[in-house]
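In the text below, chain A, chain B and the rest are named by the order of the sequence lines, each starting its count at 1.
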2 protein chains.
Amino acid sequence: MASQFTVHGRLWIEGPDGTVLGHGRVELLEKIDALGSLSAAASALGMSYRYAWKLVKSMNEHSDSPLLTLNAGGRGGGHATLTDAGKEAVATYRQTDREFEQFLSEQSEKLPG
Amino acid sequence: MASQFTVHGRLWIEGPDGTVLGHGRVELLEKIDALGSLSAAASALGMSYRYAWKLVKSMNEHSDSPLLTLNAGGRGGGHATLTDAGKEAVATYRQTDREFEQFLSEQSEKLPG
DNA sequence: TATCGTAATGCACAGGTATGCATAACGCAA
DNA sequence: TTGCGTTATGCATACCTGTGCATTACGATA
């Protein structure tokens with residue numbers, strides 16, 4: 001019989017100069033990759049464009065190579081695309097996160113009563 | 001050679017009625033156990049008494065059996081002691097947390113670059 | 001019963017996180 | 001060169017977490 005208690009957690013990756021890549025940012029990057037637009041990605045996640053833009057700015061500022069490129073103007077008004085570094089960062093985080101989910105469920109099993 | 005990136009995280013245990021036991025609360029419980037006083041524990045942790053007391057109240061309200069007992073007045077002005085349930089909760093959390101630290105360092109090793 | 005230091009609790013406020021609104025800058029395509 | 005929808009950015013605001021201050025309640029012991 002399973003315990004009535006469950007183990008939960010949050011995971012993030014820190015770089016040397018304070019870079020932080022956590023769940024929310026990765027989700028945003030993935031949506032941008034899928035939709036090709038920052039504003040579309042933000043609203044798809046129920047996040048304000050204002051804040052999504054700040055996240056992106058912070059991510060690019062703190063990485064030695066930018067995780068994505070934003071372009072204002074042009075066909076469709078503009079667009080956003082992940083760089084190779086961005087795609088790699090997402091993949092790395094996702095792999096770590098998968099193992100974390102596994103860890104959490106194992107730990108939940110171990111809890112008493 | 002180790003990666004320049006490291007994996008970090010936070011861990012907590014949730015009970016059926018929204019009980020939450022995380023790092024800060026456990027640390028507070030341990031200090032109370034060691035010092036026998038809520039106000040001493042709070043200031044030892046650099047935490048305001050006001051907030052520490054709120055944490056304790058919330059913990060006791062959401063557990064079916066209280067994790068600690070507080071006594072105002074009397075010799076020394078009052079005192080605080082962990083119940084058996086409280087001590088058990090701390091021990092359970094610590095065990096899980098130890099394995100979590102292990103997990104984090106393993107994951108940090110695995111990171112590229 | 002008076003004292004003493006802790007527990008108990010309200011109120012004002014600071015800081016970070018996130019929203020919402022308004023407006024300007026941008027640059028390809030029609 | 002005009003239009004369009006996106007990026008870019010300031011400003012006001014709300015919320016949550018946590019602090020700080022002030023005051024009261026408490027009860028064993030001297």
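- Aromatic rings from B:Phe100 and A:Phe100 are positioned such that their centres are separated by under 6.0 Å.
- There is a path of hydrophobic side-chain contacts, each under 4.5 Å, that joins B:Leu45 to B:Val90.
- Ranking D:dT7, C:dT6, D:dT9 by closeness to the A:Trp53 side chain, first place goes to D:dT9.
- Within the 4.0 angstrom heavy-atom criterion, no nucleotide atom of any strand lies near A:Gly24.
- One interatomic measurement links the two molecules: OH of A:Tyr49 to P of C:dT17, which rounds to 20 Å at whole-angstrom precision.
- By the rule that hydrophobic residues join a cluster once side-chain heavy atoms approach within less than 4.5 Å of another member, B:Leu35 and B:Trp53 end up as members of separate clusters.
- With respect to A:Asp97 and A:Arg94, a salt bridge is recorded, a charged nitrogen being found less than 4.0 Å from a carboxylate O.
- One interatomic measurement links the two molecules: CG of B:Leu35 to P of C:dA7, which rounds to 11 Å at whole-angstrom precision.
- Residue-level contact check: B:Gly46 touches the backbone only, with heavy atoms under 4.0 Å from sugar-phosphate atoms and none from bases.
- Out of D:dT7, C:dA7, D:dT9, the shortest distance to the side chain of A:Leu70 is found at D:dT7.
- Checked against C:dT9, D:dT7, C:dC21, the side chain of B:Arg50 finds its nearest nucleotide in C:dT9.
- Going from atom CG of B:Leu55 over to atom C1' of C:dA8 covers 15 Å, rounded to whole Å.
- Here the P atom of nucleotide D:dT17 and the CZ atom of B:Arg10 are 13 Å apart, to the nearest Å.
- With DNA chain D read from its 5' end, the first of the two nearest nucleotides for B:Ala52 and A:Asn71 is the one closest to A:Asn71.
- In this structure, the side chains of A:Lys87 and A:Asp33 come closer than 4.5 Å at one or more pairs of heavy atoms.
- The distance between atom CD1 of A:Ile32 and atom P of D:dT6, rounded to the nearest whole Å, is 14 Å.
- Among C:dA7, D:dT19, D:dT7, the nucleotide with an atom closest to any side-chain atom of B:Met47 is D:dT19.
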Inset, instruction - At under 4.0 Å between heavy atoms, which parts of nucleotides 24-30 of chain D does protein reach? Answer with one letter per nucleotide, 5' to 3': B base, S sugar-phosphate only, - none. - result: --BBBS-

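- B:Ser39 has a side-chain polar atom (N or O) that falls below the 4.0 Å cut-off from OP1 or OP2 of C:dA7.
- Rounded to an integer number of Å, the gap from A:Met59 CE to D:dT7 P is 13 Å.
- Each of B:Gly78 and B:Lys57 was matched to the nucleotide of DNA chain C holding its nearest heavy atom; the match closer to the 5' end belongs to B:Gly78.
- Applying side chain to side chain contact (heavy atoms under 4.5 Å, CB included) to B:Ile32 and the options B:Leu70, B:Thr81, B:Val56 leaves one that passes, B:Val56.
- Linking ILVMFWY side-chain heavy atoms closer than 4.5 Å, directly or via other members, places A:Leu82 and A:Tyr93 in a single hydrophobic cluster.
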